[in-house]
K.L.:
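Once you've had a glance at the structure underneath, I'll fire off some questions.
Naming convention: chains lettered A, B, ... in sequence-line order (proteins, then strands); numbering from 1 in each chain.
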Amino acid sequence: MALRVTTWNINSVRLRQDLVLRVLRELDPDVLCLQEIKVETELFPHDPYEAAGYGHRAVFGQKGYHGVAILSKLPFERGDSPNWCEKGDCRHLAVRLDGIELHNFYVPSGGDVPDPAVNEKFAHKLSFVDEMETWFGANRTPSDRMILVGDLNIAPLEHDVWSHRQLLDVVSHTPIEVEKLTRLQRRTDWVDAVRHFVPADQKLYSWWSYRARDWRLSNRGRRLDHIWVTPPLKDALRTQSILTDARGWERGSDHVPVTVDLAV
DNA sequence: ATGGTTGGGGTCCAA
């Protein structure tokens, strides 16, 4: 069975409802994982997605900030989420569909100053990634069939950013974050499903700042959005795609959809 | 070294 999974930080699901529907039409994923929906669970607009054929949905949202959702053509069972960092933030959804456990994450951005001693947001980000590593290490094994997607807010590889040297002190690409993300990856043998198809020496971005005068011209991007799979699904990987054009859509998100196709 | 933009909720915080 073909399974297409897309992840997208939508930066307000209500403001960009038409763009979500456009992605569903143009990419036609079986499952769309959203981050930063910025709406309470109870106020999530279900009807347009029901009408678009996405009859199975999980929503974990809060007022104003964060929030994650999963829209699916396939039925699933909702799994539990730990209370990450005991913050009560809506940053994670887990579902089980077709024998696969799918995790949708929105990792804290981490603020501006890359020092956990003076920046509580950066400390939170580091703790969050540590907790992810600990949780998967304690509760799951590499032999479990799992997919992990989301805005991890870390660009781990040299060519996941426009300038490795210039971003070494910029939150999202600092050595301590990259080390923690890599440790999380290794603990459960996660395979980077996008880099599985794209060599590490090739630039790859999923986010461009709103602050650039011309995001396409300056092209100072970062790859913050990821899709990982555990080893049992590695041979099922078929292709990847990053919908860069979506960054240029009118009133678009600063992130673009990242997609992986599997044959499961 | 600095500023640049966006969204949500409300006259500022997070990204």
K.L.:
Are the side chain of A:S253 and the backbone N or O of A:H255 linked by a donor-acceptor pair below 3.5 Å?
P.N.:
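Yes, because the side chain of A:S253 sits within donor-acceptor range (under 3.5 Å) of the backbone of A:H255.
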K.L.:
Between B:dG10 and B:dT6, how far is it from one P atom to the other, in whole Å?
P.N.:
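My reading of the P atoms in B:dG10 and B:dT6 gives 22 Å.
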K.L.:
Between B:dC12 and B:dA1, how far apart are the two P atoms, rounded to whole Å?
P.N.:
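About 29 Å, rounded to a whole number of Å.
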K.L.:
Inspect the contact between A:R96 and A:E77 and indicate whether a charged nitrogen and a carboxylate oxygen are less than 4.0 angstrom apart.
P.N.:
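Salt bridge between A:E77 and A:R96, a charged N being under 4.0 Å from a carboxylate O: no.
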K.L.:
Does the pair A:D28/A:K73 count as a salt bridge with the N-to-O cut at 4.0 Å?
P.N.:
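Answer for the salt bridge query: yes.
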K.L.:
By the 4.0 Å heavy-atom rule, please label A:H66 as base, sugar-phosphate, or nothing.
P.N.:
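A:H66: backbone/sugar contact only, no base atoms under 4.0 Å.
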K.L.:
Tell me which of A:E40 and A:Y65 sits closer to the 5' end of DNA chain B, going by the nucleotide each one is nearest to.
P.N.:
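Nearer the 5' end of the strand: A:E40.
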K.L.:
Taking only the P atom of each, what is the distance from B:dG9 to B:dC13 in whole angstrom?
P.N.:
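Here B:dG9 and B:dC13 have their P atoms 16 Å from each other.
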K.L.:
Applying a 4.0 Å non-hydrogen cut-off, can you work out what A:R213 is touching in the nucleic acid: base, sugar-phosphate, or nothing?
P.N.:
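Answer is nothing: A:R213 stays at 4.0 Å or more from every strand.
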K.L.:
Output yes when at least one side-chain N/O atom of A:R16 is less than 4.0 Å from OP1 or OP2 of B:dG7, else no.
P.N.:
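Indeed, a polar side-chain atom of A:R16 lies that close.
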K.L.:
Using atom P of each nucleotide, how far apart are B:dG7 and B:dG3 to the nearest Å?
P.N.:
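About 22 Å, rounded to a whole number of Å.
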K.L.:
Taking atom P of B:dA15 as reference, at what distance in whole Å does atom CZ of A:F128 sit?
P.N.:
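Roughly 12 Å, once rounded to whole Å.
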K.L.:
Once you round it to whole Å, what is the distance between P of B:dA15 and CG of A:D89?
P.N.:
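Nearest whole value for this atom pair: 9 Å.
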K.L.:
Where the side chain of A:L15 is concerned, which of B:dG9, B:dG7, B:dG4 is the nearest nucleotide?
P.N.:
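Nearest to the side-chain atoms of A:L15, counting from C-beta on, is B:dG7.
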K.L.:
Between A:D160 and A:K203, is there a salt bridge with N-O shorter than 4.0 Å?
P.N.:
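The answer is no: the pair does not qualify as a salt bridge.
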K.L.:
Please give, in whole Å, the distance from B:dC13 P to A:Q62 CD?
P.N.:
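Nearest whole value for this atom pair: 17 Å.
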K.L.:
Take A:D151 and A:K63, find for each the nucleotide of DNA chain B with the closest heavy atom, and name the residue whose nucleotide sits nearer the 5' end.
P.N.:
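Upstream on the strand: A:K63.
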K.L.:
Under 4.0 Å between a Lys/Arg side-chain N and an Asp/Glu carboxylate O for A:E50 and A:R57?
P.N.:
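A:R57 and A:E50: salt-bridged.
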K.L.:
If I take atom CG in residue A:L19 and atom P in nucleotide B:dG7, what distance separates them, rounded to the nearest angstrom?
P.N.:
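Rounding to the nearest Å, CG of A:L19 and P of B:dG7 are 11 Å apart.
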K.L.:
When all nucleic acid strands are considered with a 4.0 Å heavy-atom cut-off, which category describes A:R220: base, sugar-phosphate, or nothing?
P.N.:
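No contact.
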K.L.:
Looking at B:dG7, I'd like to know if its phosphate oxygens (OP1 or OP2) sit under 4.0 Å from a side-chain N or O belonging to A:R14.
P.N.:
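Indeed not, no polar side-chain atom of A:R14 lies that close.
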K.L.:
Give the rounded distance in Å between these two atoms: CG of A:L152 and P of B:dA15.
P.N.:
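About 15 Å, once rounded to whole Å.
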K.L.:
Do we see a donor-acceptor contact under 3.5 Å between the side chains of A:T174 and A:E177?
P.N.:
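Looking only at side-chain atoms, A:E177 and A:T174 do form a donor-acceptor pair, the distance falling under 3.5 Å.
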K.L.:
Atom CZ of A:R211 and atom P of B:dT6: how far apart are they, to the nearest Å?
P.N.:
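For the pair A:R211 CZ and B:dT6 P, the rounded distance is 11 Å.
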K.L.:
Measure the distance from NZ on A:K87 to P on B:dA14 and round it to the nearest whole Å.
P.N.:
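Rounded to whole Å, this separation is 10 Å.
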K.L.:
What is the distance, rounded to the nearest whole Å, between atom CD of A:E36 and atom P of B:dG8?
P.N.:
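After rounding, the gap between these two atoms is 10 Å.
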K.L.:
For B:dA14, take OP1 and OP2 only and decide whether either is under 4.0 Å from a side-chain N or O of A:K121.
P.N.:
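So the side chain of A:K121 is within the cut-off, an N or O lying under 4.0 Å from OP1 or OP2 of B:dA14.
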K.L.:
Measuring from the side chain of A:K38 (C-beta onward, heavy atoms only), which nucleotide among B:dG8, B:dA15, B:dT6 has the closest atom?
P.N.:
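Of B:dG8, B:dA15, B:dT6, B:dG8 is nearest to the side chain of A:K38.
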